[in-house]
Every structure is written in structure tokens, then in C-alpha cells.
Amino acid sequence: MDSLDRFAAEKLAHIRAAGLYRALAPTARGPGAAATRDGRPLISFSCNDYLNLSLHPEVKARAQAAIDAHGAGSGASRLVTGNHPLLVELEARLARLKGAEDAVVFGSGYLANIGIIPSLVGRGDLILIDELAHNCLYMGAKLSGAETLVFRHNDMDDLEALLHAQRPSHGRAMILTDGVFSMDGDLAPLAAICPLARAHDAWALTDDAHGIGVVGDGRGSSFVSGAKADVPLQMGTLSKAIGSYGGYLCASHAVIDYIRNRARSFIFSTGLPPASAAAAIAALDLIERDPALRAAPLVKARLFTDRLGLPAPQSPIVPIIVGGAAETLAASAALMEKGFLVTGIRPPSVPEGTARLRVTFSAAHADSDVLALADAIAALGLAGQGSLAESA
Ligand SMILES: *Cc1c(COP(=O)(O)O)cnc(C)c1O
């Protein structure tokens with residue numbers, strides 16, 4: 001074996017020994033919340049397609065029509081010839097939904113964050129980031145070269161203390177947080193973060209990957225408390241509730257124009273295919289015209305938490321903390337035996353000792369399946385945040 005293969009094999013052995021090996025399992029989706037794995041029909045509670053729009057007939061038809069009219073790929077970077085009119089329309093629609101002056105669409109949410117953050121801050125600047133923020137916010141911070149300090153999850157005292165101590169000795173500053181936390185389902189306290197950010201001249205960026213379409217009446221985490229939170233940088237993805245693919249940033253005209261001129265992952269990456277843009281626009285149409293649709297995932301999540309005596313959910317993501325990686329995999333396997341696909345989430349996706357079942361709810365779930373899953377989890381004796389034990 002040469003040194004390269006030996007390196008990979010040794011690393012893999014360590015990953016396996018820690019119970020953290022991950023294998024890709026081919027999974028076919030649909031219809032509805034159904035999924036097929038290893039030839040086996042399951043009800044999936046592990047999908048981020050919260051409104052099931054990736055399978056919606058209208059979304060599929062408009063993506064197909066875009067392929068017929070414009071082809072499968074976009075052919076170049078947006079700044080060369082890849083700026084399809086559908087992308088221009090999509091950006092206008094996103095800006096309107098998010099109450100922003102303008103928007104820019106990237107190839108994915110991950111590409112958005114690793115492009116936006118290094119465009120705005122660099123050496124000598126400061127980033128304050130929530131400890132549970134998504135990996136791509138951390139990677140964007142790392143690429144920027146700015147000094148990056150972590151504040152305790154949703155802890156405004158910690159954030160304020162760091163701003164007081166560190167802000168004066170740095171040039172520009174950003175505060176990075178998920179709007180809806182991807183592995184915990186809770187919301188960032190934007191009503192507290194935004195005034196703090198303004199007071200210290202720090203630019204707040206929310207990653208709303210799990211917010212758009214499902215919280216704040218479909219407009220995302222900035223709109224949860226009625227009035228729009230003062231977030232100058234609202235980023236997100238088109239690959240979850242929007243049911244397509246791609247990432248975006250909504251901000252002022254000046255900021256968006258600047259990002260189009262500076263973000264490396266925008267400039268040096270090919271534009272989104274026309275079909276992805278058309279699908280996203282169709283999804284935004286459906287979200288805007290159907291209040292019951294955009295409310296549905298949270299209604300299903302509430303049915304589940306009520307059944308288990310858990311606190312009311314703030315989003316369609318409900319974690320059932322198990323603790324160890326091996327126990328989590330065992331719980332996931334036991335649920336699969338009963339016909340439910342609930343993927344176990346292990347470090348490094350979540351902090352050590354907090355491996356969990358991450359249960360996500362979609363508009364496509366039948367109430368009877370939601371209740372059956374809750375009963376199956378209760379039968380496994382998984383207390384989920386301790387509250388099941390209290391209510392028993
Ligand atoms: C999924 C996710 C991303 C990445 O978005 P993609 O479009 O899938 O690259 C970014 N941030 C958060 C919080 C996510 O959950």
C-alpha cells in the first residue's frame with residue numbers, strides 16, 4: 001500500500017473505532033414522506049424537504065419545462081454567460097419574500113457562506129459565532145482570516161461580554177448564527193442579537209436554511225416575532241423547504257452588488273442550472289399562496305411533542321437526545337424495524353455526548369404516522385430532553 005492509501009486506511013480505522021463511521025445508504029424518496037432503503041418501504045422523518053415541494057407536480061413540471069426550453073446546465077459562471085433570466089427573477093422573488101432590497105443566488109448554501117463571510121471581514125477583524133452554528137459558517141469564518149470567537153449557544157450575556165471586551169480592538173465585526181438551529185430546532189434570539197449588533201457596529205448574518213418556508217409565516221426566522229428583525233445579512237438555502245438546490249443572500253443593494261463583485265464562490269463557480277431556478281420560483285409561488293401548507297410542518301411537529309410531553313417545538317426539527325453514538329445508532333435501527341427512517345446524528349455534526357435522533361416533520365406526514373412514531377420512541381424508553389420521564 002502506498003502512503004496515500006495507508007493514510008486513508010489509518011484515518012478510517014480511527015473513525016470506525018470511535019463508532020463514527022458513516023456509510024452512504026442509497027435511499028429512494030416518495031411518494032409523500034415515503035422512502036425506500038434496501039428494498040424496504042419506510043416513512044421518512046429525516047428529510048429537510050419540509051413542504052415536500054421537491055416532489056410537487058407543479059414544481060417538477062416547471063423544472064422540466066425549463067430543461068426543455070433552456071437545457072440542463074447554465075454553461076458558465078454568472079458573470080460570464082451563466083446569468084439566466086430565471087436567476088434574475090428568482091433573486092427578485094427572494095428579496096421580496098425576505099423584505100430586503102436585493103438578493104444574490106449561489107450554487108449552494110455552503111458556497112454562499114464560504115463566499116460571503118471572507119468578502120466582508122478579514123485579518124484584524126472580529127467574528128463572534130454561536131457555538132452550535134452550522135459548519136459552513138465556521139468554514140467561512142476560517143477562510144476569512146478574522147479572529148473568530150465562539151459564544152455560548154443563544155447566550156446574550158456571553159455575546160455582550162465578548163463584544164465589550166473584543167470589539168474595540170478590531171476593525172470590522174460580524175455576528176454569525178443559524179436562524180433556526182439545524183440539529184436542535186430552536187431559534188436564535190434575534191430580538192436581542194440585532195440591537196446588540198447595531199450598538200457595537202457588528203454585522204449580523206443569519207443562516208436561515210431551516211427557516212424559509214416554514215417559520216415566520218414562510219418568510220423565515222427574521223419574521224417570527226411579527227415585525228421584521230433588523231438582520232442586514234439573511235442567507236439561506238433553496239435545498240430544504242424550497243425543494244430545489246442553491247443558496248442565497250438577501251441584503252441591501254450595495255451589499256449584494258459588492259458580493260457579486262467579490263465573493264470567490266460566486267465568481268469562480270458555475271451558475272445554478274435553469275431547472276433549479278425554475279423549481280425554486282415555482283416553490284415560492286406555492287408557499288406564497290398557501291398559508292396552510294407553510295404552517296403544516298410545525299403543526300405536525302407539535303402533534304409529536306404533545307404526544308411525548310415534550311416542550312412545544314419552535315421549528316419542524318425536534319431532537320431526541322440519546323447521548324452515545326452507539327446507542328443512537330441502535331435506536332435508529334430499532335425504529336427502522338418498525339418502518340420509520342430516523343437517522344442518528346453523531347459527532348462531529350453535534351457536540352460530543354449529544355448524539356441524537358433528529359426528527360423532522362413535513363407537510364406530507366400523515367397524523368397517524370406522526371403519532372405512531374411518537375409511540376415507537378416512547379416504547380424505546382427514549383426520554384428526549386428529560387421531559388418524557390417527568391410526564392410519565
Ligand atoms: C443545509 C445547511 C446549509 C447548506 O446548504 P446547502 O444548500 O445544502 O449547501 C447551510 N446552513 C445550514 C444551517 C444548513 O442546515
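Note that ligands are numbered from 1 as they come in the structure, with each ligand's atoms numbered from 1 the same way.
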Is atom CG of Asp38 surrounded by more than 12 heavy atoms (other residues, nucleotides or ligands) closer than 6.0 Å? no
Testing the 3.5 Å rule here: is there a donor-acceptor pair between the side chains of Ser221 and Asp208? yes
Which atoms of ligand 1 sit under 4.0 Å from any heavy atom of Cys136? 10 (C), 11 (N)
Do side-chain atoms of Thr360 reach the backbone of Phe45 as a donor and acceptor pair under 3.5 angstrom? yes
Polar-atom distance check: His210 versus ligand 1, any N or O pair below 3.5 Å? yes
Output yes when the distance from some N or O of ligand 1 to some N or O of Ala209 is under 3.5 Å, and no in every other case. no
Output the list of atoms in ligand 1 that are nearer than 4.0 Å to some heavy atom of Thr237, sorted by atom number. 5 (O), 6 (P), 7 (O)
With a cutoff of 4.0 Å, is Ser239 in contact with ligand 1, counting heavy atoms of the residue only? yes
Per-atom filter on ligand 1: closer than 4.0 angstrom to a heavy atom of Ser182 are 15 (O)
Carboxylate-amine/guanidinium contact Arg152 Asp157, below 4.0 Å: no
Heteroatom proximity flag, Tyr110 to ligand 1, N/O under 3.5 Å: yes
Which residue and atom name correspond to the protein heavy atom nearest atom 11 (N) of ligand 1, and how close is it? Asp207 OD2, 2.5 Å
Check: Lys240 N/O within less than 3.5 Å of ligand 1 N/O: yes
Could you check atom 6 (P) of ligand 1 against the protein and tell me its nearest heavy-atom contact, residue, atom and distance included? Gly109 N, 3.4 Å
Within this structure, what is the CG-CZ distance for the pair Leu272 and Phe106, rounded to the nearest 0.5 Å? 12.0 Å
Are a donor atom and an acceptor atom from the side chains of Arg29 and Ser54 found within less than 3.5 Å of each other? yes
In residues 186-195, what donor-acceptor pairs under 3.5 Å come from side-chain atoms, sequence neighbours left out?
residue	atom	partner	partner atom	Å
Asp186	OD2	His153	NE2	2.6

